[in-house]
Asker: 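This is the structure I want to talk about, given as structure tokens.
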Amino acid sequence: SKSNLPFAKRAERHKHPLVKRLFSLAEKKQSNVVLSADLTTTKDLLNFADKLGPHIVVLKTHIDILDDFSQETIEGLTRLSKQHDFLIFEDRKFVDIGNTVQKQYKGGVLKIHDWAHIVNCTVLPGPGIVQALEQTIQSAGVADRGVLILAEMTSKGSLATGSYTKASIEIARQYPKTIMGWVATKELSQLAESEVDEEDFVVFTTGVNISSKGDALGQQYQTPESAMAGGSDFLIAGRGIYAASDPVAAVKEYQKAGWDAYKARVG
Ligand code: 6AU
């Protein structure tokens, strides 16, 4: 299966330009770490992006939690993304009718499409949400934009299970030019029938933490090793890294754990 193939091989045969770039970046930096940079000031966000940037492949933002969002935030992020060679993933979790989502993606104060390589959405509204995001990307004519489907959630009592999760996979298969993969606790391709030969959706796993099992608000963690054993490709970690007493040491620890597990898997 694709999980046993090296990222370099997957980069070579993949048709989605942004997935190609992601796999190549991972090989180059020897990292499959996505930093969930849930900081609330521009200064902190840019500081962490600068210090940890060399060790990560993607920086994930929640841009609407910043107290002082401005054009400087975006200019800083974009500059650091080029300097340290990481992609930017705005964890927007779009969930609305296509017409509204297009406005949220392109416009408003945040203009997410302008600067975020990756965004995610739920399929709660049905496939129209993906169609809307795809239309925006295609009419902009850019090659370095992509979407992840939120196929599962890590929080206790999550309702993103069963037929919702299965529909996520089926909808992903309808939009291979736009959908890069999904956010999930494990590999899910086997859940929905008619897996296409050579299909290669990327699995981003969040809720990854080396030293904690969860938080007081229902978050549930697994380790980098268990995530990779379950078929994950990229590990999203937030507090495990940025809230550590030494975040640089922590990001290196996650980088090594993720990369060792990846190497063990591909042999
Ligand atoms: O490592 P943490 O717990 O500090 O942060 C986890 C990050 C947060 C969540 O908003 C996000 O991952 N997340 C997501 C994503 C990425 O879509 C889905 C989910 O089910 N659980 C989850 O924690 O920024």
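Counting starts at 1 for both ligands and their atoms, following the listed order. Index from 1, following the sequence.
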Asker: Can you tell me the protein heavy atom closest to atom 10 (O) of ligand 1 and the distance?
Answerer: His62 NE2, 2.9 Å

Asker: Do me a favour and list the nearest non-hydrogen protein atom to atom 7 (C) of ligand 1 with residue, atom name and distance?
Answerer: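 Its nearest protein heavy-atom neighbour is Ser36 OG, 3.4 Å.
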
Asker: Counting only heavy atoms closer than 4.0 Å, does ligand 1 sit against the backbone of Asn209, its side chain, both, or neither?
Answerer: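 Within the 4.0 Å criterion, Asn209 makes no contact with ligand 1.
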
Asker: Considering non-hydrogen atoms of the protein only, which is the closest contact for atom 8 (C) of ligand 1, and what is the distance?
Answerer: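 For atom 8 (C) of ligand 1, the nearest protein heavy atom comes out as Asp38 OD2, 3.4 Å.
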
Asker: Looking only at distances, please establish whether an N/O atom of ligand 1 is found under 3.5 Å from an N/O atom of Val208.
Answerer: no

Asker: Between the side chains of Arg239 and Tyr221, is a donor N or O closer than 3.5 angstrom to an acceptor N or O?
Answerer: yes

Asker: If you measure from the Lys or Arg side-chain nitrogens to the Asp or Glu carboxylate oxygens, is any gap between Glu187 and Lys2 under 4.0 Å?
Answerer: yes

Asker: Could you state the interatomic distance from OG1 (Thr185) to CE (Met153), rounded to the nearest 0.5 Å?
Answerer: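 So the gap between those two atoms works out to 12.0 Å.
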
Asker: Once you restrict to heavy atoms under 4.0 Å, what part of Thr154 touches ligand 1? Side chain, backbone, both or neither.
Answerer: both

Asker: Is the closest heavy-atom distance from Tyr221 to ligand 1 below 4.0 Å?
Answerer: yes

Asker: Val251 vs Ile56, test: side-chain contact (heavy atoms from CB on, under 4.5 Å). Steps then yes/no.
Answerer: CA-CA 8 Å; Val251 78; Ile56 63 172; 3.8 Å; yes

Asker: For atom 12 (O) of ligand 1, what is the nearest protein heavy atom, given as residue, atom name and distance?
Answerer: Thr206 OG1, 2.8 Å

Asker: Side chain, backbone, both or neither: which part of Asp215 has a heavy atom under 4.0 Å from ligand 1?
Answerer: neither

Asker: For residues 16-51, pull every pair meeting ring-ring contact (aromatic ring centres under 6.0 Å, His included), keeping only residues two or more places apart or in separate chains.
Answerer: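 Listed once each, the pairs are Phe7-Phe23.
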
Asker: Below a 4.0 angstrom heavy-atom separation, can you tell me which part of Gln219, side chain or backbone, both or neither, approaches ligand 1?
Answerer: side chain

Asker: Determine whether the side chains of Glu90 and Thr61 contain a donor N or O and an acceptor N or O closer than 3.5 Å.
Answerer: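 Present: a donor and an acceptor within the cut-off.
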
Asker: Can you sort out which atoms of ligand 1 are near Lys93, meaning under 4.0 Å from one of its heavy atoms?
Answerer: 10 (O), 14 (C), 15 (C), 17 (O), 18 (C)

Asker: Please determine if Arg173 and Glu199 form a salt bridge, counting it only when a charged side-chain N lies under 4.0 Å from a carboxylate O.
Answerer: yes

Asker: Would you mind checking which non-hydrogen protein atom is closest to atom 1 (O) of ligand 1, with the distance to 0.1 Å?
Answerer: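 Of the protein heavy atoms, Gly238 N, 3.0 Å lies nearest.
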
Asker: Among protein heavy atoms, which sits nearest to atom 16 (C) of ligand 1, and what does the distance come to when rounded to 0.1 Å?
Answerer: Asp91 OD2, 3.3 Å

Asker: Looking at Asn120, which atoms of ligand 1 are within less than 4.0 Å of one of its heavy atoms?
Answerer: 17 (O)

Asker: Report the member of Met153, Arg239, Lys60 with the shortest heavy-atom distance to atom 4 (O) of ligand 1.
Answerer: Arg239

Asker: Does a side chain donor of either Thr154 or Gln219 reach within less than 3.5 Å of an acceptor in the other side chain?
Answerer: yes

Asker: Return each pair, listed once, that meets side chain to side chain donor-acceptor pair (under 3.5 Å) where at least one residue sits in residues 255-267; pairs must be two or more places apart or across chains.
Answerer: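 Every pair satisfying side chain to side chain donor-acceptor pair (under 3.5 Å) with a residue in residues 255-267: Glu27-Tyr262, His55-Gln255, Asp233-Arg265, Lys256-Asp260.
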
Asker: Assess whether a salt bridge exists between Lys29 and Asp85, defined as any Lys/Arg side-chain N lying under 4.0 Å from an Asp/Glu carboxylate O.
Answerer: no

